[in-house]
There are 2 protein chains.
Amino acid sequence: MAGEALGKDIGKDFGKPRQLDFPRPLTTVDVVIFAIRDDSLRVLLVQRPAGEGEPFPHAWALPGGFVDVAKDRDLAACAARKLREKTGVTSPYLEQLGSWGSATRDPRGWSATHAYFALIPDQGGELASDARWFPLPGGRLKDKLAFDHGDILATAIQRLRNKVEYTSLPAYLMPAEFTLPDLQRVYEIVLDRPLEKSAFRTRILSADMIEPVAKMRRGPNRPAQLYRLKKGRAPVYFVRTFNPPE
Amino acid sequence: MAGEALGKDIGKDFGKPRQLDFPRPLTTVDVVIFAIRDDSLRVLLVQRPAGEGEPFPHAWALPGGFVDVAKDRDLAACAARKLREKTGVTSPYLEQLGSWGSATRDPRGWSATHAYFALIPDQGGELASDARWFPLPGGRLKDKLAFDHGDILATAIQRLRNKVEYTSLPAYLMPAEFTLPDLQRVYEIVLDRPLEKSAFRTRILSADMIEPVAKMRRGPNRPAQLYRLKKGRAPVYFVRTFNPPE
DNA sequence: ATGCTTAGTTGTACAGTCCAACTTACTTAG
DNA sequence: CTAAGTAAGTTGGACTGTACAACTAAGCAT
């Protein structure tokens with residue numbers, strides 16, 4: 001089947017197929033999907049099937065799979081499709097993370113995966129039965145994942161942490177309306193360290209990325225102003241990081 | 001042939017090959033190689049061959065090509081090999097840039113490329129006859145490149161510029177020994193704007209990334225201290241960017 | 001000696017974080 | 001009705017590092 005499709009491609013447009021006449025790696029796309037749930041950063045994992053010939057049966061893995069050359073126009077569309085299938089989210093923050101390819105990462109042969117990472121608000125709803133949100137940092141989680149997904153996840157966390165130091169990415173983890181202390185809390189969860197309240201407020205408010213809505217969040221103490229993301233706002237890059245620990 | 005290799009992979013380890021029985025995208029690796037030459041930022045391009053069945057004959061393209069599942073252990077090794085073949089450089093700064101895959105980027109079929117970007121010092125020596133250093137920004141260069149290499153190159157330049165704002169990456173573009181004004185000039189070439197001398201010196205010297213050698217660069221005016229990169233020094237990340245224009 | 005050029009330093013202004021104390025607005029207990 | 005408690009939000013001084021500009025230093029040429 002693969003050989004036949006290959007032959008067709010060659011035969012249609014070109015006379016000398018020799019140059020394409022070699023084995024091709026497997027091509028997959030995987031998505032690291034982050035959300036904040038119950039005051040912790042979580043990643044969505046799915047359990048590998050256990051059929052004959054399936055690698056890593058029952059192990060947890062990043063959602064993903066083979067590129068379908070008939071259905072997927074490009075890699076980003078493929079990643080968006082997988083995200084949508086697992087979470088129902090259609091307009092998330094979706095960024096390419098990198099690619100991992102080697103002779104040994106998949107027992108079925110030389111394979112390369114294109115990894116994406118997505119930030120979505122907590123959806124609340126139910127997941128497919130084979131999917132679960134795992135809290136991070138995840139103890140021995142890294143060692144238990146299928147393929148090299150532990151490495152990919154570690155890279156994603158590192159990238160997220162790094163970018164949170166100087167960007168507005170956590171805004172994409174927030175629900176439609178949120179307070180500044182809410183947002184600060186999400187920054188602190190991701191960075192795993194407390195931030196200065198006044199510097200945080202100055203930075204966020206001067207970035208022109210959120211706007212107040214005419215409502216307050218009421219509670220057992222002083223009410224807090226609610227904000228929402230400005231429409232179509234691209235991520236903001238600050239000229240400084242938060243001062244890193246030591 | 002491709003089909004046969006595929007079959008072999010399947011037959012060897014697994015009983016039920018159905019799941020792998022579909023067409024596979026082409027897998028390539030391309031490398032964006034930057035260097036400073038004649039006081040300008042340059043990228044290495046190679047001219048496409050003109051044989052029958054070759055896409056984009058005579059067009060300029062990034063150095064790269066198909067992954068060889070027999071020779072290349074992983075993607076990074078493949079990229080390092082291509083860099084070495086074209087430039088002779090063996091221990092450069094090599095970073096993954098991202099991947100581009102779609103049904104249409106290569107007329108031979110659905111294909112995905114893994115792009116890397118490398119920073120190397122000016123080698124001086126001769127190149128292969130099909131290779132040339134093109135100065136950047138390159139006018140209409142972007143539109144003339146084969147495949148989607150114009151997009152890849154634009155992304156690489158953007159990434160380089162962005163990182164130069166807050167990292168020591170330009171150090172990898174320098175020869176073994178250089179002066180602080182030399183290094184500042186390279187920063188300015190990449191960023192295409194002048195930087196403040198005193199702030200620049202403070203930043204670099206306090207980053208513990210270079211060390212003085214017991215020599216001065218002599219010229220028609222005051223001699224300048226020569227420095228070299230500290231051994232095994234990973235790139236430095238500064239907590240601030242240079243103050244961006246406007 | 002004088003001037004020219006580039007290397008390198010110094011000092012003031014300014015921006016933004018750090019740190020800590022403070023005020024504000026609401027709830028709950030008495 | 002008041003007092004205590006808590007979280008929201010503000011204020012001000014210390015500190016860090018860049019911006020800007022003037023300065024000194026070291027070589028060469030005339």
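Numbers restart at 1 for each chain; the letters A, B, ... are given by sequence-line order, proteins then strands.
Taking the charged nitrogens against the carboxylate oxygens, E177(A) and R217(A) have no contact shorter than 4.0 Å, which rules out a salt bridge. The residues D39(B) and R185(B) are annotated as salt-bridged, a charged nitrogen and a carboxylate oxygen being separated by less than 4.0 angstrom. Of the charged side-chain nitrogens involved, at least one lies within less than 4.0 Å of a carboxylate oxygen, so that R81(B) and E85(B) count as a salt-bridged pair.
Considering only side-chain N and O atoms, R203(B) lies under 4.0 angstrom from the phosphate OP1 or OP2 of dT18(D).
Where T202(A) and R201(B) each meet DNA chain C at their nearest nucleotide, the meeting point lying more 5' is that of R201(B).
For the pair T179(B) (side chain) and D182(B) (backbone), a donor-acceptor distance under 3.5 Å is present.
Following rounding to the nearest Å, E165(B) (CD) and dG17(D) (P) show an atom-to-atom distance of 18 Å. Rounded to whole Å, the distance from NZ on K197(B) to C1' on dC20(D) is 12 Å. One atom, CD of E196(A), and another, C1' of dA21(C), lie 12 Å apart when rounded to the nearest Å. Rounded to whole angstrom, the span from the CG atom of L205(A) across to the C1' atom of dT10(D) amounts to 12 Å. When rounded to the nearest whole Å, the span between CG of L195(B) and P of dA7(C) equals 15 Å. Between the CZ atom of R240(B) and the P atom of dT16(D) there is a distance of 12 Å, given to the nearest Å. F238(B) places its CZ atom 15 Å from the C1' atom of dT16(D), with the value rounded to the nearest Å. At whole-Å resolution of the value, CZ in F200(B) and P in dC20(D) are 16 Å apart.
With 3.5 Å as the limit, one finds a donor-acceptor pair spanning the side chains of H114(A) and S99(B).
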**Request:** Quick one: do K86(A) and L44(A) satisfy side chain to side chain contact (heavy atoms under 4.5 Å, CB included)? Show the steps, please.
**Result:** CA-CA 9 Å; K86(A) 289 295 170 191; L44(A) 187 69; 4.0 Å; yes

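Closest contact between the side chain of S198(A) and the listed nucleotides dA20(C), dT17(C), dA8(D) involves dA20(C).
Within residues 218-230 of chain A, the residues that have a heavy atom under 4.0 Å from DNA chain C are, in order of number, R218(A), G219(A), P220(A), N221(A), R222(A), P223(A).
By the 6.0 Å and 45° rule, R48(B) does not stack over the aromatic ring of W60(B).
Residue contacts for T179(B): at a heavy-atom cut-off of 4.0 Å it reaches no nucleic acid atom on any strand shown.
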